[in-house]
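Down below is the structure, laid out as structure tokens.
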Amino acid sequence: MALYYAADDFGLSESGDRAVLELAADGALDGAAVMATHLEAGALERVKALAASGLEVGLHLNFTEGAPVSPPEEVSSLVDGDGRLFGLSGFAARVLSRRVRPDELFREVRAQWTRLEQVAGRVDYVDGHQHVQYLPQVCDRVLAFIERETLLGGECLRLGRFRGSTADPRAWLLTGLGGWLTLTRPAAARFRRAPLVMDLGCEVRGDESRVEVMVHPAHPDQPASGYPDGRYDYGGRCAQFVLRRSQVRGGDLEYGLARSPAALEEVEAYIASHPGACFGHTAAWRRAIREVYRVRSRVVVARAEGRVVGVAPWSVLHGPAGGRYMVIAPYASHGGILGDSVEVRAGLLAASVRFARRALVGHLHLRAPGVEALELSVPASFHAGRYVSPRIHLSPDVETCWQRTLSGRARTAIRKARKVGVSIERVRGDWEVFDGIFAEGNHALGSPFHGAPFYRALERNLGERLFTWVAWHQGRPAAAALAVEHGDTLNYTYGQNVHALRPTNANSLLIWAMIEQGFDRGLRWLDLGRSELDTSHSRFKEQWGAEAVLIDEALVPVLRGAIPDLVPTNPRFAMARRAWARLPLHLARTLGPWVSRGIG
């Protein structure tokens with residue numbers, strides 16, 4: 001059973017906010033829901049601190065306490081004559097008697113969302129103060145807003161079976177409403193239907209896959225006296241919720257989630273110093289994909305005597321074929337668990353499985369050299385050496401590399417490209433040309449692709465470590481490549497050519513440009529990226545005199561259920577590729593980023 005701890009009513013009282021921030025620093029919470037209607041001057045700074053803590057930031061929709069975010073005259077059906085929101089009983093009566101205008105509900109949902117997003121920088125989920133999201137009309141407007149105006153899906157609305165004391169009539173009422181909503185609204189099938197727990201003392205059966213525990217903490221040094229408008233005693237219903245549960249001990253090692261800025265800085269320093277790290281492990285990469293795809297991260301850290309000895313920076317994706325899963329270095333060639341020893345890495349994997357259950361993740365996806373050394377103790381779909389990532393050793397100089405490292409076939413291809421007039425241009429910022437080449441090339445292969453916003457996010461976050469080239473032939477773009485520098489390695493990350501111009505050998509000239517760039521930067525390696533063994537791509541890379549680095553793959557189950565069949569030879573994928581290649585190019589460019597975000 002996975003427990004997810006979420007604090008409600010953030011912003012309502014300084015005492016509760018202080019308690020949440022301290023519990024977040026201790027790793028005792030997974031999320032906190034903020035009341036955007038109560039963000040006064042002091043609360044603004046506390047919300048920013050909450051967002052920086054690494055917790056999921058929820059919007060605690062409020063239609064029953066205080067004043068709305070929208071001007072009262074724009075939401076007149078939600079407020080009384082003084083411009084204040086009706087209490088719960090008054091609001092529910094107006095909703096059920098259809099005296100609340102749906103457009104005004106929608107407007108206030110948008111206003112509360114926008115205000116929180118401006119302060120916190122993101123909104124990860126939505127629930128309701130006094131459970132107003134269970135009222136059908138409110139549920140409809142919230143879901144409509146989420147699906148029309150955000151990048152989140154309907155699953156971000158917390159709508160679960162309610163489990164509190166059996167004597168509490170709210171439990172029966174809300175459970176009935178939640179069940180009715182999921183039956184009468186097709187989109188509600190994507191809602192989170194995990195049981196909600198009102199207090200820590202109620203009984204929870206062990207057969208639930210996920211239980212969301214709602215807590216209302218108050219700081220012991222500053223008892224909460226009540227709501228700002230004195231409706232009822234806030235402090236009286238607050239549990240002194242003090243629980244350190246984010247850390248899992250194993251021998252002399254301690255495993256936990258890195259959430260605070262200080263902890264994440266330690267993680268980044270460790271990644272920078274580890275010889276097995278790649279650019280996909282870095283915070284800059286995770287920040288870029290979060291900006292464009294809103295991908296969340298869960299960074300698991302191993303410590304010995306307070307010192308970081310291993311990290312596993314997971315990203316949570318929802319794939320079209322693999323369900324909800326976690327992967328390290330998504331959209332990159334490969335990236336594994338980093339540690340000072342095999343024992344540390346194996347412990348990090350075991351701890352990652354435990355933490356993944358709280359995120360309702362189906363499986364972990366590992367692609368990295370040496371995965372077999374982790375001696376997986378859980379059933380897993382394991383494939384040793386499925387992929388290869390060739391690396392060219394950039395030593396001692398360009399001339400020696402040309403004469404001794406490259407094969408005769410590679411040198412001939414480069415000469416032919418120059419002879420037919422192919423030229424190479426370093427580009428920066430001109431992502432429309434770059435995206436056009438990738439769109440046309442990948443579409444011909446039946447593969448979805450990222451769009452220009454993805455590449456712009458990489459440029460903003462990776463800065464001078466990002467290199468891009470375009471090969472031109474007679475004024476037409478023929479091929480393009482993107483590489484990322486990390487440590488002593490230049491990583492060939494994305495490359496594509498225009499199908500009709502393949503005979504120009506523009507790709508070969510692009511790789512030679514990367515080799516020259518690596519020498520100019522004083523680097524030791526050029527990583528040519530991951531390819532399947534014994535394919536045309538891997539055979540093309542062999543001619544560059546590269547050292548073959550085998551990449552293992554493992555799918556580790558977290559929740560009960562079958563491990564998805566993600567073997568590239570799966571007939572379902574072949575059918576999907578053929579169907580994708582038949583789509584009109586403009587439609588494929590529109591849908592490509594939406595599909596690609598789930599393929600890590």
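Just so you know, residue 1 is the first one in the sequence shown, and it goes up from there. This one's a predicted model, so the numbers in the text were calculated from it and none came from an experiment.
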Are [X] and [Y] packed together at the side-chain level, in the sense that at least one heavy-atom pair is separated by less than 4.5 angstrom?
{"X": "Leu445", "Y": "Arg577", "value": "no"}
{"X": "Gln517", "Y": "Arg426", "value": "yes"}
{"X": "Val311", "Y": "Val308", "value": "yes"}
{"X": "Phe467", "Y": "Arg521", "value": "yes"}
{"X": "Ile328", "Y": "Ser315", "value": "no"}
{"X": "Val301", "Y": "Leu257", "value": "no"}
{"X": "Trp512", "Y": "Val398", "value": "yes"}
{"X": "Leu364", "Y": "Val353", "value": "yes"}

Do we see a donor-acceptor contact under 3.5 Å between the side chains of [X] and [Y]?
{"X": "Glu553", "Y": "His365", "result": "yes"}
{"X": "Trp314", "Y": "Ser352", "result": "yes"}
{"X": "Ser333", "Y": "Asn491", "result": "no"}
{"X": "Trp469", "Y": "Glu425", "result": "no"}

Run Trp285 and Leu462 through side-chain contact (heavy atoms from CB on, under 4.5 Å) and show every step you take.
CA-CA 7 Å; Trp285 184 262; Leu462 297 176; 4.0 Å; yes

Is the shortest distance from a Lys or Arg side-chain nitrogen in [X] or [Y] to a carboxylate oxygen in the other one below 4.0 Å?
{"X": "Arg290", "Y": "Asp124", "result": "yes"}
{"X": "Arg589", "Y": "Asp435", "result": "yes"}
{"X": "Glu266", "Y": "Arg259", "result": "no"}
{"X": "Arg456", "Y": "Glu432", "result": "yes"}

Under 3.5 Å donor-acceptor, [X] side chain and [Y] backbone:
{"X": "Ser53", "Y": "Leu50", "result": "yes"}
{"X": "Trp113", "Y": "Phe145", "result": "no"}
{"X": "Glu459", "Y": "Leu466", "result": "no"}
{"X": "Ser447", "Y": "His443", "result": "no"}
{"X": "Thr504", "Y": "Ala417", "result": "no"}
{"X": "Lys541", "Y": "Leu528", "result": "yes"}

Arg530 to Tyr387, cation-pi by 6.0 Å centre distance and 45° axis angle
yes

Taking all heavy atoms of [X] and all of [Y], pick out the closest pair and write down the distance.
{"X": "Ala52", "Y": "Pro261", "value": "O-CD, 3.5 Å"}
{"X": "Ala479", "Y": "Asn497", "value": "CB-CB, 3.7 Å"}
{"X": "Ala413", "Y": "Ser508", "value": "CB-OG, 3.5 Å"}
{"X": "Leu394", "Y": "Gly518", "value": "CD1-CA, 3.7 Å"}
{"X": "Val309", "Y": "Val344", "value": "O-CG1, 3.5 Å"}
{"X": "Ala506", "Y": "Ala471", "value": "CB-CB, 3.8 Å"}

Please indicate whether [X] has more than 12 foreign heavy atoms, meaning atoms of other residues, nucleotides or ligands, lying under 6.0 Å from its [atom1].
{"X": "Arg428", "atom1": "CZ", "result": "yes"}
{"X": "His499", "atom1": "NE2", "result": "no"}
{"X": "Arg122", "atom1": "CZ", "result": "yes"}

Check the pair Leu317 / Val327 against side-chain contact (heavy atoms from CB on, under 4.5 Å), numbers first and verdict last.
CA-CA 8 Å; Leu317 303 182; Val327 63; 3.7 Å; yes

Under 6.0 Å between the ring centres of His393 and Trp525?
yes

Taking the six-membered ring for Trp and the full ring for Phe, Tyr or His, determine whether the centres of Tyr293 and His450 are under 6.0 Å apart.
yes

State the [atom1]-[atom2] distance between [X] and [Y], to the nearest 0.5 angstrom.
{"X": "Phe540", "Y": "Ser531", "atom1": "CZ", "atom2": "OG", "value": "10.0 Å"}
{"X": "Glu532", "Y": "Ile551", "atom1": "CD", "atom2": "CD1", "value": "13.0 Å"}
{"X": "Leu533", "Y": "Leu550", "atom1": "CG", "atom2": "CG", "value": "6.0 Å"}
{"X": "Ile392", "Y": "Leu406", "atom1": "CD1", "atom2": "CG", "value": "6.5 Å"}
{"X": "Thr282", "Y": "His486", "atom1": "OG1", "atom2": "NE2", "value": "7.0 Å"}
{"X": "His318", "Y": "Arg324", "atom1": "NE2", "atom2": "CZ", "value": "8.0 Å"}

I would like to know whether Asp340 and Arg345 meet side-chain contact (heavy atoms from CB on, under 4.5 Å); could you show each step before the answer?
CA-CA 8 Å; Asp340 289 359; Arg345 292 166 57 211; over 6 Å; no

Parallel, tilted or perpendicular: which describes the rings of Phe449 and Trp580, with under 30° parallel and over 60° perpendicular?
perpendicular

How are the rings of Tyr270 and His274 set relative to one another: parallel (under 30°), tilted (30 to 60°) or perpendicular (over 60°)?
tilted

Full working for side-chain contact (heavy atoms from CB on, under 4.5 Å) between Val549 and Val388
CA-CA 6 Å; Val549 178; Val388 63; 5.8 Å; no

